[in-house]
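Structure first, commentary second.
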Amino acid sequence: MIDLRLIREDPDTVRASQRARGESAEAVDTLRAADESRRSVVLRFEQLRSEQKSLGKRIPKATGPEREQLMARTKELAAEVKRAESAVAEAETTLQQAQLAIPNVVQPDVPPGGEDDYVVLREVGEKPELEKVRDHLELGEGLRAIDMERGAKVSGARFYFLTGIGAQLQLALLTMAADQAIDHGFTLMTTPSVVRPEIMAGTGFLGSHAPEVYKLEADDLYLVGTSEVALAGYHSDEIIDLSKGPVRYAGWSSCYRREAGSYGKDTRGIIIRVHQFDKLEMFSYARPEEAAAEHDRLVAWEEEMLSKVELPYRVIDTAAGDLGSSAARKYDCEAWLPSQNRWLELTSTSNCTTFQARRLNIRYRDENGKPQTAATLNGTLATTRWIVAILENHQQPDGSVRVPKALQSYLGGREVLTPVAG
RNA sequence: GGAGGGCUCGCAUAGUGGCCUAGUGCGGCGGUCUUGAAAACCGCUAUGUCGGGUGACCGGCAUCGUGGGUUCGAAUCCCACGCCCUCCGCCA
């Protein structure tokens with residue numbers, strides 16, 4: 001939810017942001033008008049209410065004709081106050097709708113444009129030179145690590161089993177990520193997979209993302225698509241202490257996504273779109289002035305993980321039109337995918353500035369002890385999808401897969417995963 | 001699924017129509033006293049929003065789980081809902 005002060009004091013910045021995203025700049029004026037009309041009806045209500053209260057207080061002491069007169073006047077006022085009050089309620093609804101229609105203000109240096117207008121910030125590592133490229137599914141099936149067929153049999157398309165070494169590999173990866181996060185001062189959390197509507201709405205996923213979200217209709221609850229939702233909700237309606245720097249959580253959870261409208265896309269294996277996967281997510285609460293620096297730290301920690309698993313990757317600065325509604329800036333790390341000769345998103349880190357926290361009412365106290373809205377940030381440290389890149393980049397001609405050094409101790413010292421015969 | 005209890009300014013509690021401008025205790029902050037500390041005593045101690053000066057200030061209004069209703073007037077009475085807890089039942 002956008003800051004109304006910004007709309008009042010610097011609407012041009014918001015208009016520019018809307019244009020960069022490819023969205024309506026007029027929405028800014030709609031919001032300004034709603035803000036002003038709300039203020040005027042609030043003023044009227046408060047004046048009437050004030051008169052009603054002060055006259056009402058005189059009634060118990062008044063007698064005779066004075067009392068009659070007061071009663072008559074306050075009775076009138078009661079009706080007027082009621083009308084004014086409903087005008088306020090109406091104006092507030094209008095205001096809120098206009099406010100929710102505007103996504104977060106993008107940071108000034110975010111590239112404008114859509115999905116393909118990202119800027120590559122850096123490319124790290126060497127793409128492997130492979131004579132014969134097997135894709136991750138062929139490799140995974142050879143290792144008896146991935147079972148798509150039975151996933152579909154049991155749960156439908158886009159579900160899978162990780163079996164044996166596949167399950168072990170995921171556990172190793174997530175555990176390594178958790179250890180790294182803990183080393184950097186994060187508090188490890190396992191989080192609820194199911195959340196209340198106000199939490200899901202507060203994190204911004206019920207806007208344009210709504211069709212992506214699983215809803216448990218009978219219970220009016222939602223399945224989370226990332227532990228970001230639960231970790232953002234964790235401190236909702238609280239005033240937290242940020243005086244000693246950002247508060248950091250690492251959430252370990254399964255993630256659920258409907259992937260509506262993506263039928264027929266990326267259907268092979270566990271590449272891009274599956275309904276369920278596991279993730280280790282970083283989440284930071286920070287003072288707004290330190291959010292950009294924290295964002296840089298999050299991306300650095302993602303790169304640390306990528307280098308530990310020895311993957312060639314690049315970092316892109318996502319264009320304005322491809323940002324989620326809560327994000328003011330987003331960096332993605334994409335690993336090389338040999339089987340498709342392209343880059344595959346493995347991590348995504350967003351600076352949501354105060355947008356998400358305003359809606360969830362998450363605040364901190366500034367130097368003067370005054371409550372201020374906090375900034376929130378999130379970033380991926382490892383997911384099931386990383387297995388795809390690891391298998392493909394570290395494959396060997398015989399179908400075996402080299403285990404990156406840092407990961408070996410998490411796999412009982414194994415240096416290579418070898419195909420199972422038969 | 002059934003039954004019961006609860007929801008008040010950080011925590012704990014008081015408050016059954018106007019004396020509530022929501023009291024008290026704890027905790028926290030500041031001060032007095034003290035060589036220092038403790039104790040004691042004194043003071044302060046929510047959030048949002050609107051308006052005015054637009055500097056750390058002044059005033060109004062709202063908020064006692066949420067939304068309605070009754071009333072000149074609601075923390076208090078009525079209705080609906082939400083959430084938390086306990087017990088019983090059922091259960092991977």
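Looking only at side-chain heavy atoms (C-beta outward), V229(A) and Y222(A) stay at 4.5 Å or farther from each other. The closest side-chain heavy-atom distance from I146(A) to L391(A) is below 4.5 Å. Counting heavy atoms from C-beta on, the side chains of E281(A) and S253(A) never come closer than 4.5 Å.
In this structure, E92(A) places its CD atom 10 Å from C1' of A62(B), rounding to the nearest Å. Rounded to an integer number of Å, the gap from L48(A) CG to G73(B) C1' is 16 Å. Straight-line distance from the CG atom of L77(A) to the P atom of C72(B): 12 Å, rounded to whole Å. One interatomic measurement links the two molecules: CD of E85(A) to P of G67(B), which rounds to 10 Å at whole-angstrom precision.
The residues K153(A) and E149(A) are annotated as not salt-bridged, no charged nitrogen and carboxylate oxygen being separated by less than 4.0 angstrom.
Checking C72(B), G48(B), C61(B) against every side-chain atom of T74(A), the shortest atom distance belongs to C72(B). Here the side chain of R39(A) is nearest to one of A46(B), C72(B), G51(B), namely G51(B). Of the candidates G73(B), A62(B), G48(B), the closest approach to any side-chain atom of P371(A) belongs to G48(B). Set against C61(B), U47(B), U49(B), the side chain of R363(A) has U47(B) as its closest nucleotide. Checking A62(B), C72(B), G60(B) against the side-chain heavy atoms of S50(A) singles out G60(B) as nearest. The side chain of I239(A) sits closest to U47(B) out of U47(B), U49(B), G18(B). When distances are taken from the side chain of K53(A) to each of U47(B), A62(B), C72(B), the shortest belongs to A62(B). With distances taken from any side-chain atom of E46(A) to the nucleotides C72(B), U47(B), U49(B), the minimum falls on U49(B). The nucleotide whose nearest atom lies closest to any side-chain atom of R365(A) is, among G73(B), C50(B), U47(B), U47(B).
Spacing between C33(B) and C42(B) at atom P, rounded to whole Å, works out to 16 Å. Remark: the separation of the C1' atoms in C79(B) and C85(B) is 24 Å, to the nearest Å. When the P atom is compared between G10(B) and U45(B), the two are found 14 Å apart, to the nearest whole Å. The gap from the P atom of G25(B) to that of G17(B) amounts to 25 Å, rounded to the nearest Å. Across G51(B) and U70(B), the matching P atoms stand 31 Å from one another, rounded to whole Å. For the C1' atom pair drawn from G1(B) and C72(B), the interatomic distance equals 47 Å after rounding to whole Å. With both ends at atom P, the span from G82(B) to U24(B) equals 37 Å, rounded to whole Å. Nucleotides G4(B) and G59(B), compared at atom C1', are 48 Å apart to the nearest Å.
The aromatic rings of F159(A) and H275(A) are tilted relative to each other, their planes meeting at an angle between 30° and 60°. By the 30° and 60° cut-offs, the orientation of the rings of F186(A) relative to W301(A) is perpendicular.
The pairing partner recorded for G4(B) is C85(B), the criterion being a Watson-Crick or G-U wobble arrangement whose two distances lie under 3.5 angstrom. In a base pair of the Watson-Crick type (N1 to N3 plus N6-O4 or O6-N4) or a G-U wobble (N1-O2 and O6-N3), with each distance short of 3.5 Å, G48(B) is matched with C61(B). Pairing of A37(B), defined by two Watson-Crick or G-U wobble distances under 3.5 Å, is not identified with any nucleotide. If you check C90(B) for Watson-Crick or wobble pairing at under 3.5 angstrom, you find it has no partner at all.
Each of P60(A) and K82(A) lies near RNA chain B, and the nucleotide nearest P60(A) is the one positioned closer to the 5' end. The nearest heavy atom of RNA chain B to A89(A) and to K57(A) marks one nucleotide each, and the one closer to the 5' end goes with K57(A).
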Please enumerate all protein N or O atoms sitting under 3.5 Å from an N or O of nucleotides 82-84 of chain B, with distances to 0.1 Å.
unit_1, atom_1, unit_2, atom_2, d
C83(B), O3', R196(A), NH2, 2.8
C84(B), OP1, R196(A), NH2, 3.0

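Heavy atoms of L43(A) sit under 4.0 angstrom from primed sugar atoms or phosphate atoms, though from no base atom. Residue R44(A) is out of contact with every strand shown, counting any heavy-atom pair closer than 4.0 Å. As judged by a 4.0 angstrom heavy-atom cut-off over every strand, R8(A) is placed among residues touching the sugar-phosphate backbone only.
Distances shown here put every side-chain N or O of R49(A) at or beyond 4.0 Å from the OP1 or OP2 atom of G60(B). Side-chain N/O atoms of Q52(A) include one lying less than 4.0 angstrom from OP1 or OP2 on G73(B).
The main-chain N or O of E334(A) is never found under 3.5 Å from a side-chain atom of D332(A) such that the two would form a donor-acceptor pair.
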| request: Would you please test Y249(A) and H235(A) for ring-ring contact (aromatic ring centres under 6.0 Å, His included) and show each step? | output: CA-CA 11 Å; Y249(A) 297 110; H235(A) 285 306; 5.6 Å; yes
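Shortest non-hydrogen contact noted between T226(A) and F205(A) is CG2-CZ, 4.1 Å.
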